[in-house]
Amino acid sequence: MTKLILKRIYDKELPAGYRVLVDRLWPRGMSKVRAQLDLWAKQIAPSAELRKWFSHDPAKYPEFKNKYLDEINNNPYTEEFLNELKAALKTQDVLILYSAKDEEHNDAVVLMEYLNTKI
C-alpha cells in the first residue's frame, strides 16, 4: 500500500517516491538536481501575505492553521493538486517536502493533515 510521507527536503536520506515540494519559495541552498522533484506545487502553499504574517511564530500557529485551511479550501488549484497526488499514489509513495526548520509548526504539517482527510 502506498502512502503520503511528510519530510523536510534537507533530510540526508529521503525515501523513494514521487517528490512534491509544497513551499512557495525555493529552498535556500538546494540545487534542482539534488531536490529531484517530480512536482513543485507552489500554488498550494500559503499566500505571501499569510506566510509573512505567520513568520514561523509558534504562538500564531493555531490561527495560521485556520487561515491556511481556508486558503486551501478556496484555492482553485486544490482539486488539480489532489488528483495529481492520487494518480501518483497508485504506483508509489508520495513525499510531501518542505524546507521550514520547525518540523511541528509549518504549512506542510497543516497541508498533510488536510490531505489525510481527502486522500
Side-chain angles (χ1 to χ4, degrees):
M1 177 92 188
T2 60
K3 59 188 175 278
L4 287 171
I5 302 168
L6 182 63
K7 287 286 186 181
R8 192 163 183 262
I9 196 164
Y10 297 112
D11 287 353
K12 293 281 185 221
E13 292 188 27
L14 293 172
Y18 188 82
R19 294 174 173 228
V20 181
L21 178 64
V22 295
D23 290 348
R24 187 168 299 275
L25 303 175
W26 188 260
R28 207 172 265 170
M30 176 65 60
S31 72
K32 292 189 179 189
V33 171
R34 183 170 160 224
Q36 299 176 12
L37 295 182
D38 294 294
L39 175 65
W40 182 12
K42 56 186 160 188
Q43 307 95 312
I44 203 69
S47 64
E49 298 80 23
L50 181 57
R51 184 177 47 78
K52 288 175 186 174
W53 170 83
F54 175 47
S55 189
H56 298 285
D57 179 353
K60 292 181 179 176
Y61 185 73
E63 189 176 353
F64 167 78
K65 180 177 177 178
N66 290 333
K67 289 180 177 191
Y68 181 37
L69 286 171
D70 283 342
E71 285 189 358
I72 293 169
N73 286 319
N74 294 303
N75 187 336
Y77 176 68
T78 299
E79 186 175 345
E80 179 182 337
F81 180 65
L82 289 172
N83 290 336
E84 185 102 24
L85 296 185
K86 287 175 186 176
L89 280 165
K90 289 179 181 176
T91 60
Q92 59 192 318
D93 290 341
V94 172
L95 291 117
I96 302 297
L97 301 171
Y98 66 94
S99 61
K101 289 180 184 176
D102 186 334
E103 295 183 20
E104 294 178 30
H105 305 100
N106 66 64
D107 57 292
V109 171
V110 176
L111 180 61
M112 189 69 166
E113 288 176 16
Y114 175 85
L115 294 173
N116 283 329
T117 67
K118 301 292 182 184
I119 296 179

Give the cluster check for [X] versus [Y]: same hydrophobic cluster or not, with ILVMFWY residues linked at side-chain heavy-atom distances below 4.5 Å.
{"X": "V20", "Y": "Y114", "value": "yes"}
{"X": "L39", "Y": "L37", "value": "no"}
{"X": "Y98", "Y": "I119", "value": "yes"}
{"X": "Y77", "Y": "L50", "value": "yes"}
{"X": "L21", "Y": "V94", "value": "no"}

Which of K7, M30, Q36 passes side-chain contact (heavy atoms from CB on, under 4.5 Å) with L97? It is K7
Would you say that [X] contacts [Y] through its side chain, given a criterion of any heavy-atom pair below 4.5 Å between the two side chains?
{"X": "L25", "Y": "R51", "value": "yes"}
{"X": "R28", "Y": "S99", "value": "no"}
{"X": "L95", "Y": "D38", "value": "no"}
{"X": "L4", "Y": "M112", "value": "yes"}
{"X": "F81", "Y": "L115", "value": "yes"}

Validate the cation-pi geometry between K32 and W40: distance from NZ or CZ to the six-membered ring centre under 6.0 Å, angle to the ring axis within 45°.
no
To the nearest 0.5 Å, how far apart are [atom1] in [X] and [atom2] in [Y]?
{"X": "N106", "Y": "L111", "atom1": "CG", "atom2": "CG", "answer": "10.0 Å"}
{"X": "E84", "Y": "L89", "atom1": "CD", "atom2": "CG", "answer": "11.0 Å"}
{"X": "L69", "Y": "I72", "atom1": "CG", "atom2": "CD1", "answer": "5.0 Å"}
{"X": "I9", "Y": "W26", "atom1": "CD1", "atom2": "CH2", "answer": "6.0 Å"}
{"X": "I5", "Y": "Y18", "atom1": "CD1", "atom2": "OH", "answer": "15.0 Å"}

Contact summary for [X] and [Y], nearest pair of heavy atoms:
{"X": "A45", "Y": "R24", "answer": "O-NH2, 2.9 Å"}
{"X": "R8", "Y": "L14", "answer": "O-CD2, 3.7 Å"}
{"X": "H56", "Y": "A100", "answer": "CE1-CB, 3.8 Å"}

Those residues at least two apart in sequence (or on a different chain) that pass salt bridge (Lys or Arg N to Asp or Glu O under 4.0 Å) with D93 are K3
So, does T2 use its side chain to make a donor-acceptor pair with the main chain of T91 at under 3.5 Å? no
Those residues at least two apart in sequence (or on a different chain) that pass side-chain contact (heavy atoms from CB on, under 4.5 Å) with S31 are V33, R34
Contacts under 3.5 angstrom, residues 59-66 side chains, donor-acceptor by atom type, not counting sequence neighbours:
from : atom 1 : to   : atom 2 : distance (Å)
K60  : NZ     : W53  : O      : 2.8
E63  : OE2    : K67  : NZ     : 3.3
K65  : NZ     : E113 : OE1    : 2.6

